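Structure record follows, encoded as structure tokens.
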Protein chains: 2
Amino acid sequence: MPKRSYQQYCPTAYSLDVVGDRWTLLIVRDLLFGPRRYTDLLEGLPGIGTNLLANRLKEMEAAEVVRKTKLPPPASSTVYELAERGRQLAPIVMILTDWGLELMPGYVPEEDEVPVVPCLGAMTKLFVGDSAEDMTVEFHINEEVYVVRIEGGQMSIQPGTTPDADLVVYTTPRALMTMLVEHRDPATYLENGEIEIRTGDVSLLKTFTGFFQHPSAA
Amino acid sequence: MPKRSYQQYCPTAYSLDVVGDRWTLLIVRDLLFGPRRYTDLLEGLPGIGTNLLANRLKEMEAAEVVRKTKLPPPASSTVYELAERGRQLAPIVMILTDWGLELMPGYVPEEDEVPVVPCLGAMTKLFVGDSAEDMTVEFHINEEVYVVRIEGGQMSIQPGTTPDADLVVYTTPRALMTMLVEHRDPATYLENGEIEIRTGDVSLLKTFTGFFQHPSAA
DNA sequence: CCGAATCCTTATTGATACTG
DNA sequence: CAGTATCAATAAGGATTCGG
């Protein structure tokens with residue numbers, strides 16, 4: 001069966017033939033911070049339906065947007081990662097993210113409405129380096145672990161742990177997300193158990209969230 | 001009926017809830033060079049189906065991406081134009097265009113595969129100002145007329161005519177497009193009647209097309 | 001468990017005909 | 001010209017199954 005196409009001799013249309021289908025750009029978003037397994041993707045895309053994810057990944061692989069590889073032993077799990085053409089789509093996801101920040105609703109989301117990757121995305125987009133002091137934070141978000149390092153006004157996000165964290169936080173995605181986007185007070189989440197601080201203290205967490213600012217506030 | 005949504009508390013997903021549906025970004029593309037009438041849009045989007053275009057426009061209007069206005073008398077036709085939020089999507093269309101240039105096939109397209117707007121898009125994306133000398137060209141593409149002015153290495157495209165054109169060309173979209181993208185020789189098209197020069201001569205047209213270069217050639 | 005393939009129901013689309 | 005209305009063809013969503 002021939003894939004559906006706009007049938008236009010137009011670069012924009014050719015692009016959308018490849019990445020314009022439902023879910024495709026969200027898959028790119030989910031691969032922006034590193035390789036993911038099939039099931040990670042499924043979890044980050046509630047509602048996609050496993051057959052559709054499999055199809056999309058196959059199409060994206062054929063278009064050289066993603067690549068399927070095996071992690072080195074002993075992990076050895078098969079993961080999907082962005083190929084070169086896929087990495088070139090990062091600016092699009094970035095602009096969509098900026099554009100969508102204006103559309104964020106004012107309500108507190110349900111817990112299953114906030115996948116992990118958007119939190120990382122929001123971090124990169126909302127970070128304002130000007131007044132940021134150096135610090136290293138280890139975030140445990142659901143089952144995933146990331147090290148966020150701020151150095152000289154620059155922020156980096158790496159998967160994995162670190163021995164030298166100033167702050168180690170266990171959090172749900174929505175707690176993290178709403179603290180970043182709406183500067184919601186950590187106290188509420190510490191009380192209901194959505195956030196737990198293992199190393200460091202609340203004041204440090206508040207300092208950290210202070211480094212993030214909605215562009216409309218500028 | 002509630003519109004289908006990704007249901008994610010994520011700026012990227014919110015954006016795609018609005019502009020991620022089939023055809024939506026192509027409509028934005030078609031409005032990038034100025035207001036268009038309903039039927040112009042239909043013509044630029046072969047295959048869309050008039051009900052779907054009407055739906056999309058309604059959704060985009062509700063999302064304040066496009067605005068519906070009336071042209072001043074005596075034209076008085078209703079047109080659609082980009083609103084502020086819509087204009088902010090221009091960078092996305094641009095990146096998609098860059099990305100899609102790599103995907104352009106090597107064949108000569110059918111005539112009805114090339115709408116007018118992609119030609120204007122290709123012009124803006126492929127123009128290399130470095131060696132460009134000043135000139136003014138009036139293009140009649142199908143029923144539409146545009147003035148392309150090159151001044152001091154800068155190019156502008158305006159709808160309408162001009163009395164001081166160095167070159168006046170009547171052309172089909174595909175002739176123009178393939179000359180820009182693949183540097184196809186005008187001679188072929190002059191012979192088969194797809195291009196007609198009313199003012200100026202072929203050498204000037206060749207000079208003009210020389211100002212455009214595929215990024216991969218750089 | 002992971003990475004899908006299958007089956008079935010619902011929602012969206014594409015094409016055409018028709019109307020103020 | 002600017003859309004509505006109708007309806008068949010497709011694609012998406014959800015549950016279940018199946019092989020490493």
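The structure displayed is predicted, hence computed values, not measured ones. Residue numbers start from 1 in every chain, and the chains themselves are labelled A, B, ... in the order their sequence lines are given, proteins ahead of strands.
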> Going by modelled atom types, is there a donor-acceptor pair between the base of D:dA2 and the side chain of B:Thr78 at under 3.5 Å?
Replying inline: no
>> Side chain of A:Asn51 only, heavy atoms from C-beta on: which candidate in C:dA15, D:dA2, D:dG13 is closest?
In response: D:dG13
> Looking at the side chain of A:Arg37, which of C:dG3, C:dA5, C:dT13 is the nearest nucleotide?
Replying inline: C:dG3
> So, is B:Thr50 near the phosphate of D:dG3, with a side-chain N or O under 4.0 Å from OP1 or OP2?
Replying inline: no
> Are B:Asp164 and B:Thr136 close enough, and set up right, to give a side chain to side chain donor-acceptor pair (under 3.5 Å), and what steps lead you there?
Replying inline: CA-CA 7 Å; B:Asp164 66 339; B:Thr136 301; 4.7 Å; no
>> At less than 4.0 Å, is any side-chain N or O atom of A:Tyr38 found next to OP1 or OP2 of D:dG20? Yes or no.
In response: no
> Atom CD of A:Glu59 and atom P of D:dA12: how far apart are they, to the nearest Å?
Replying inline: 8 Å
>> Of the options C:dC2, D:dT4, C:dT6, whose atoms approach the side-chain atoms of B:Ala54 most closely?
In response: D:dT4
>> Using whole Å, what does the distance between atom P of nucleotide C:dA11 and atom CG of B:Leu52 come to?
In response: 17 Å
> Atom NZ of A:Lys3 to atom P of C:dG14: distance rounded to whole Å?
Replying inline: 11 Å
> Taking OP1 and OP2 of D:dG13, is either one under 4.0 Å from a side-chain nitrogen or oxygen of A:Arg22?
Replying inline: yes
> Less than 4.0 Å between a side-chain N and a carboxylate O, is that true for B:Arg149 and B:Glu151?
Replying inline: no
>> Could you check whether any side-chain N or O of A:Tyr9 sits under 3.5 Å from a backbone N or O of B:Thr178, counting only pairs where one atom can act as donor and the other as acceptor?
In response: no
> Under 4.0 Å between a side-chain N or O of B:Lys70 and OP1 or OP2 of D:dA2?
Replying inline: no
> Can a side chain N or O of B:Lys58 be found less than 4.0 Å away from OP1 or OP2 on D:dA2?
Replying inline: no
> Could you give the CZ-to-P distance, from B:Arg36 to D:dA2, as a whole number of Å?
Replying inline: 13 Å
>> Measure CD1/B:Ile48 against P/D:dA2 and give the value in whole Å, please.
In response: 15 Å
>> Quick check on DNA chain C: between A:Asp40 and A:Arg4, whose nearest nucleotide comes earlier from the 5' end?
In response: A:Asp40
> Of the nucleotides C:dC2, D:dA12, C:dG14, which one has an atom closest to the side chain of A:Arg56?
Replying inline: D:dA12
>> Tell me if the CD atom of A:Glu43 is crowded by more than 12 foreign heavy atoms within 6.0 Å.
In response: no
> Which heavy atom of A:Val147 sits nearest a heavy atom of A:Gly160, and at what distance?
Replying inline: CG2-O, 3.1 Å
> What's the verdict on salt bridge (Lys or Arg N to Asp or Glu O under 4.0 Å) for A:Glu61 and A:Lys58, showing C-alpha distance, side-chain angles and the deciding distance?
Replying inline: CA-CA 5 Å; A:Glu61 217 184 326; A:Lys58 234 173 276 175; over 6 Å; no
> Think B:Trp23 has a side-chain N or O under 4.0 angstrom from the OP1 or OP2 of C:dG14?
Replying inline: yes
>> Rounded to whole Å, how long is the line connecting atom CG of A:Asn55 with atom C1' of C:dC7?
In response: 14 Å
>> Output the rounded distance in Å from CD (B:Glu43) to P (D:dA2).
In response: 12 Å
> Does A:Lys68 make a side-chain N or O approach to OP1 or OP2 of C:dA4 shorter than 4.0 Å?
Replying inline: yes
> In whole angstroms, how far is the C1' atom of D:dA11 from the OH atom of A:Tyr6?
Replying inline: 13 Å
